[in-house]
Number of protein chains: 2
Amino acid sequence: MNEIKILIVEDDPLIAADIEQCLNNIDFQVSSVVYNTEDAVHQLEKNTPDAVLLDINLGEITDGIDIADLINKKFQLPFLYITSHADRQTIERAKKTQPAGYIIKPFDERDILAGLEIALYNYSQRKNITQPVLSYTQINKHLSRTLSEREFEILQAIYDGKTNQQMAESLFVSVNTVKTHITNIYLKLDVASRTSAIARIRGWI
Amino acid sequence: MNEIKILIVEDDPLIAADIEQCLNNIDFQVSSVVYNTEDAVHQLEKNTPDAVLLDINLGEITDGIDIADLINKKFQLPFLYITSHADRQTIERAKKTQPAGYIIKPFDERDILAGLEIALYNYSQRKNITQPVLSYTQINKHLSRTLSEREFEILQAIYDGKTNQQMAESLFVSVNTVKTHITNIYLKLDVASRTSAIARIRGWI
DNA sequence: ACTATCATCACCCCTAAGTATGATTTTGAA
DNA sequence: TTCAAAATCATACTTAGGGGTGATGATAGT
């Protein structure tokens, strides 16, 4: 059984029930169903869910997008819009809140399943990323003389704090070869040491 | 006119044409339509798009999820799946590639508009997260034996790619002193070189 | 007053890192 | 086929980085 708790914000009781039914079918727990902003805030504070499904039009002055703003400011939870509003203006406003998804009514169980699974997974991954991965193309975008793939491998190893000896072993080449590659990398990056190479590419990744 | 270029990977020519039509209607440029993995890779390399729409089932050994893996490894572009496969197994595999969205067929112009707009916006926002500066307290949170302020200064200089000589000059101390500090930093960080020190703290900032 | 931490410096030794130069082989594009 | 780039390796040299040990004065906490 899934322990993931979802908060539903939807002013139409019929649709709310429908969403709730879907969530039950796909083994998500509904932490609460609320019909307005005030209750939504209350639930977010007292019974913090793992993710939120937001209707945009709530028939009051504040709407789902305002709630999204609040989630970003105070709670930092993943949320998805479920709405029938798919016009440019609404999407334009909605995207600025960086939602994890945008499900357009009439929705389908699978839309919610896929949307939530991806939202939750992405959220959990992003929470513990700080290790930015080097990208070959990303680095080369900044260079007139581009790195070869082998050189890029070496640069990655330097970035990971490896010694020349370790690189030689893991790449099955001699230390001399590693040194040659490094010399060429330094030429292209216009640096003269490992640490300055790392500092140089830091802004690029 | 929108200059955003989208790559479509879809093996069914009818659906591909349909997607292309949708993109045109909502003012996105189609950079290319490809039917298999090989062409997809080629397009990614030669005519890098701003985002990718991926069908999962391509009727070959490799599928859209493999292409997604490749995008993450080498290109780091936002991508959305457009597929009729919405079973748990597929979603489970797909979510691991951290897609920006998952559009289930039969799709609708608005699904694509909302999905792409949000994907592109989120991507652009996440890209310019400013490189966090080293923070003294942040580093020490992770250490049992904390760095002194002087040691932290030295660590910053290492992080910036400075040599011991340069540090000695800018801090008005002897190179020997710098070395002593560095030795102590290494002890506390449990590393044995500048580069591994940088790699170690990378996860903390 | 005693102790711990910090910042400072010195000297020795050793190795990893970096520089210079040159060579061979493979491969892919013109 | 020819040419250029890439990957491989070698040898020799220089230097920066790192390990070990020990010492001194300053400061702050118990």
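Below, chains carry the letters A, B, ... as their sequence lines are ordered, and counting in each starts from 1.
Looking at heavy-atom distances under 4.0 Å, A/Thr183 makes contact with a base. Note on A/Thr177: a base of the nucleic acid sits closer than 4.0 angstrom, heavy atoms only. In this structure, B/Thr180 reaches the bases: a heavy-atom distance under 4.0 Å links it to at least one base atom across the strands shown.
Distance check, rounded to the nearest 0.5 Å: CD1 of A/Ile8 to CG of A/Leu54 gives 11.0 Å. A distance of 11.0 Å separates CZ in A/Arg145 from CG in A/Leu189, rounded to the nearest 0.5 Å.
Between the side chains of B/Glu60 and B/Thr37, a donor-acceptor pair is found at a separation under 3.5 Å. Residues A/Ser193 and A/Ser196 have side chains that bring a donor and an acceptor to within less than 3.5 angstrom of each other. With no hydrogens or angles considered, no side-chain donor-acceptor pair links A/Asp160 and A/Gln156 at under 3.5 Å.
Put simply, NZ on A/Lys179 is 16 Å from C1' on C/dG22, counting in whole angstrom units. A/Lys162 has its NZ atom 17 Å from the C1' atom of C/dA17, to the nearest Å. Remark: C1' of C/dG18 and CG of A/Asn164 are 9 Å apart, rounded to the nearest angstrom. Between the CG atom of A/Asn184 and the P atom of C/dA17 there is a distance of 17 Å, given to the nearest Å. Nucleotide C/dT8 holds its P atom 12 Å from the CZ atom of B/Phe172, rounded to whole Å. One interatomic measurement links the two molecules: CG of B/Asn176 to C1' of C/dA10, which rounds to 6 Å at whole-angstrom precision. As rounded to whole Å, 17 Å separates atom P of C/dT5 from atom CD of B/Glu149. Atom-to-atom, CD1 of A/Ile158 to P of C/dA16 comes out at 16 Å; the value is rounded to the nearest Å.
Using a cutoff of 4.0 Å between basic side-chain nitrogens and carboxylate oxygens, A/Asp69 and A/Lys96 are not scored as salt-bridged. Of the charged side-chain nitrogens involved, at least one lies within less than 4.0 Å of a carboxylate oxygen, so that B/Arg93 and B/Asp63 count as a salt-bridged pair. A salt bridge is defined here as a Lys NZ or Arg NE, NH1 or NH2 lying under 4.0 Å from an Asp or Glu carboxylate O, and A/Glu117 with A/Arg110 fails to meet this definition.
Regarding contacts with the backbone of C/dG18, a side-chain N or O of A/Arg194 is found under 4.0 angstrom from either OP1 or OP2. A close approach under 4.0 Å does occur between a side-chain nitrogen or oxygen of B/Arg150 and OP1 or OP2 of C/dT8.
With A/Tyr159 as the aromatic partner, A/Arg194 does not meet the cation-pi criteria of under 6.0 angstrom to the ring centre and within 45 degrees of the ring axis.
A 4.0 Å heavy-atom criterion places the boundary nucleotides of DNA chain D facing chain A at D/dA6 to D/dT11, written 5' to 3'.
Between A/Glu151 and B/Gln165, the residue anchored nearer the 5' end of DNA chain D, judged by the nucleotide with its closest heavy atom, is A/Glu151. When each of B/Thr195 and B/Leu171 is assigned the nucleotide of DNA chain C with its nearest heavy atom, B/Leu171 is the one assigned upstream, toward the 5' end.
For an aromatic pair to be called close, the ring centres must be under 6.0 Å apart, and B/Phe79 with B/Tyr81 satisfies this.
Among the duplex regions that DNA chain C forms, those built from at least three successive Watson-Crick or G-U pairs under 3.5 Å are C:1-30 with D:1-30, ordered by first number.
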